[in-house]
There are 2 protein chains.
Amino acid sequence: MSKIQNRSLYLEVADRVRELIEQGELAPGERISEKALCERFGVSRTPLREALKVLASEGLVELLTNRGARVMRLTVKMVKDTYDLMAALEGLSGELACQNISDEEIEAICRLHEEMLRHYQERNLMPYFRINQQIHESILAASGNEVLQEMYSNLSQRVKRVRYSKKMTDSFWRQAVQDHENMISALKARDGKRLGQILREHLCNKLEVASIAGMIEDDEELSVVNS
Amino acid sequence: MSKIQNRSLYLEVADRVRELIEQGELAPGERISEKALCERFGVSRTPLREALKVLASEGLVELLTNRGARVMRLTVKMVKDTYDLMAALEGLSGELACQNISDEEIEAICRLHEEMLRHYQERNLMPYFRINQQIHESILAASGNEVLQEMYSNLSQRVKRVRYSKKMTDSFWRQAVQDHENMISALKARDGKRLGQILREHLCNKLEVASIAGMIEDDEELSVVNS
DNA sequence: GAAATGAATATTGAATTCATAATATTTTTT
DNA sequence: AAAAAATATTATGAATTCAATATTCATTTC
């Protein structure tokens, strides 16, 4: 028996548009034609416009009155600000996780960590990133704070487009792995303060931003590199 | 010459509904009748429904497919989680503010602080809260991080309804004022780490939640006390 | 030839209409 | 009279229509 259809059309549409933006098929700053998207998705303008309003309040799209919608342009400052925020949220997630996490969850994270280390040793960047992200998400989940998770994933979504436009130098990479070693140790000790501290200072995110910042001017629009 | 009208109807409507929720005129869990609100505002269903979608993604309203909208119910856990988050964001705002704040801005905050002290000495609760909030907002603004400000004000909006349902005991109040003294000193010294720390631990918010939590069960719905 | 004006076109904003799902009411049955 | 079924009513979801606003393009003026 297939899932009962109980999702509204505007939610589907929002998902699809979100994908298009993430994939870069709709480029930053590009005008979003209601007509074109309606035809593409085979829906009327009503649910599409509702979806655009949702995406706007998620910060993925900007709506100009009487002038339609554009894909939100990312500036270096915005990305930098967003990562500062995400770092603070991760810090909080670490503190909370240490209070709430179960032994089983810790073990699961340790296993992910081991797996990540293997990818690091073999210098497999993409699998490394995938597991890396899973670790951070696991800690976030272990925090037990759903509002935090919701906020974090929104922020993460906003900057997803620039995520893969980075080159990881070897020394940065080594540092990141070291940070992770420390994280695991703090987590095992359930030392919330320390884990929070490590996560806040964990350079990974900030570095990639810095590397981008080197490429273009400060309040310049950010060009998105597709994978 | 008055400002040319360039705001969309759905934005106006969203503002008005937000007010109704904040004021408690629309109670938590209450069903929102599209028809009733349309008549009240004199608009058609289209802009109203768009507004509801925005409010839903702000977390003020929940939409049940085919079953209309309800004012989001707050549970003690949600409020607790939200305050934890806000504390972390305030901490970040303190750290960033110390990096960016101008001498003039510091002076303005000091003046607010003096004013707040006067209200404290005279035990004028509401004016005290008003200035208190202005101080926190000023620090937030001085952080220069607009994404942070946006997130914070969203979170703050969500829990505004329970804001006034607190009783401030004298010892808590004294502690809060002491925290503020320390904040000012850290700010003057531009000691970001310390200011961040103080703000994160600043009990004000957490206390009021704790006091509420004492009143009702943990995942119970929160009853809102109107002023 | 460039800038400015005005008509034509296209696009968005909002109201209305139509279809469908949920709720309330009445009727039937036991 | 209570429970169940059938019907009617209402409310929501989505498409369509109408109106207002921008944009484009041709024409005029300097």
Side-chain angles (χ1 to χ4, degrees), chain A residues 1-21 25-73, chain B residues 1-21 25-73:
Chain A
M1 185 176 175
S2 76
K3 177 99 182 289
I4 332 166
Q5 98 94 15
N6 56 354
R7 288 195 73 202
S8 302
L9 209 37
Y10 84 96
L11 288 173
E12 303 290 346
V13 172
D15 286 347
R16 303 258 325 249
V17 176
R18 226 179 263 118
E19 273 176 45
L20 291 181
I21 291 174
E25 197 161 336
L26 289 172
E30 183 180 335
R31 205 149 154 292
I32 296 176
S33 159
E34 293 183 3
K35 191 153 161 281
L37 282 189
C38 284
E39 283 165 8
R40 178 165 190 168
F41 298 146
V43 299
S44 78
R45 280 175 59 217
T46 308
L48 176 66
R49 302 184 92 242
E50 291 173 344
L52 288 178
K53 256 118 204 152
V54 171
L55 295 174
S57 67
E58 286 174 8
L60 290 173
V61 154
E62 53 185 336
L63 299 176
L64 316 164
T65 28
N66 292 321
R67 316 250 239 74
R70 320 186 98 80
V71 178
M72 184 66 85
R73 270 191 262 249
Chain B
M1 184 178 179
S2 76
K3 177 99 184 288
I4 20 177
Q5 88 97 19
N6 58 351
R7 288 195 71 196
S8 302
L9 209 39
Y10 84 97
L11 288 174
E12 301 293 345
V13 172
D15 286 347
R16 303 265 316 256
V17 177
R18 228 179 263 118
E19 272 175 47
L20 292 182
I21 292 175
E25 197 160 339
L26 290 172
E30 184 180 334
R31 204 147 155 290
I32 297 176
S33 159
E34 293 184 2
K35 190 153 162 282
L37 282 188
C38 285
E39 283 165 7
R40 178 165 190 167
F41 299 146
V43 300
S44 78
R45 281 175 59 216
T46 308
L48 175 68
R49 303 183 91 243
E50 291 174 344
L52 288 178
K53 256 117 204 154
V54 171
L55 295 175
S57 69
E58 286 175 8
L60 289 174
V61 154
E62 53 186 336
L63 299 176
L64 315 164
T65 28
N66 290 321
R67 315 251 236 74
R70 320 185 98 80
V71 179
M72 182 68 83
R73 269 191 263 250

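Convention: sequence-line order gives letters A, B, ...; per-chain numbering from 1. Nothing here was measured: the structure is a model prediction, and the numbers come from that model.
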Please report the distance, rounded to the nearest Å, between CZ in A:Arg7 and C1' in C:dA21. 18 Å
Tell me the interatomic distance from B:Leu48, atom CG, to D:dT12, atom C1', rounded to whole angstroms. 12 Å
Is any side-chain heavy atom of B:Leu20 closer than 4.5 Å to a side-chain heavy atom of B:Leu37? yes
Could you tell me the separation between the CZ atom of B:Arg70 and the P atom of D:dT12, rounded to a whole number of Å? 11 Å
Going from CD1 on B:Ile32 to CG on B:Leu48, what distance comes out if it is rounded to the nearest 0.5 angstrom? 8.5 Å
Got a sec, which residues hit salt bridge (Lys or Arg N to Asp or Glu O under 4.0 Å) with B:Arg16, two or more places apart in sequence or on another chain? none
Quick one: salt bridge (Lys or Arg N to Asp or Glu O under 4.0 Å) pairs with a partner in residues 55-71 of chain B, sequence neighbours left out? B:Arg18-B:Glu58
Looking only at heavy atoms, the pair that brings A:Leu55 and A:Ala14 closest together is CD2-O, 4.0 Å
Would you mind reading off the distance between A:Glu39 atom CD and D:dT16 atom P, rounded to a whole angstrom? 12 Å
What is the distance, rounded to the nearest whole Å, between atom NZ of A:Lys53 and atom P of D:dA14? 15 Å
Integer-rounded Å distance: D:dT12 P and A:Leu9 CG: 18 Å
Between C:dA15 and B:Ser44, is there an OP1 or OP2 to side-chain N/O distance shorter than 4.0 Å? yes
Flag the pair B:Val54 / B:Leu11 as yes when at least one side-chain heavy-atom distance between them is below 4.5 Å, and no otherwise. no
Report all interatomic pairs (protein N or O, nucleotide N or O of nucleotides 10-12 of chain C) with separations under 3.5 Å.
residue : atom : partner : partner atom : Å
C:dT11  : O3'  : A:Arg31 : NH2          : 3.4
C:dT12  : OP1  : A:Arg31 : NH2          : 3.2

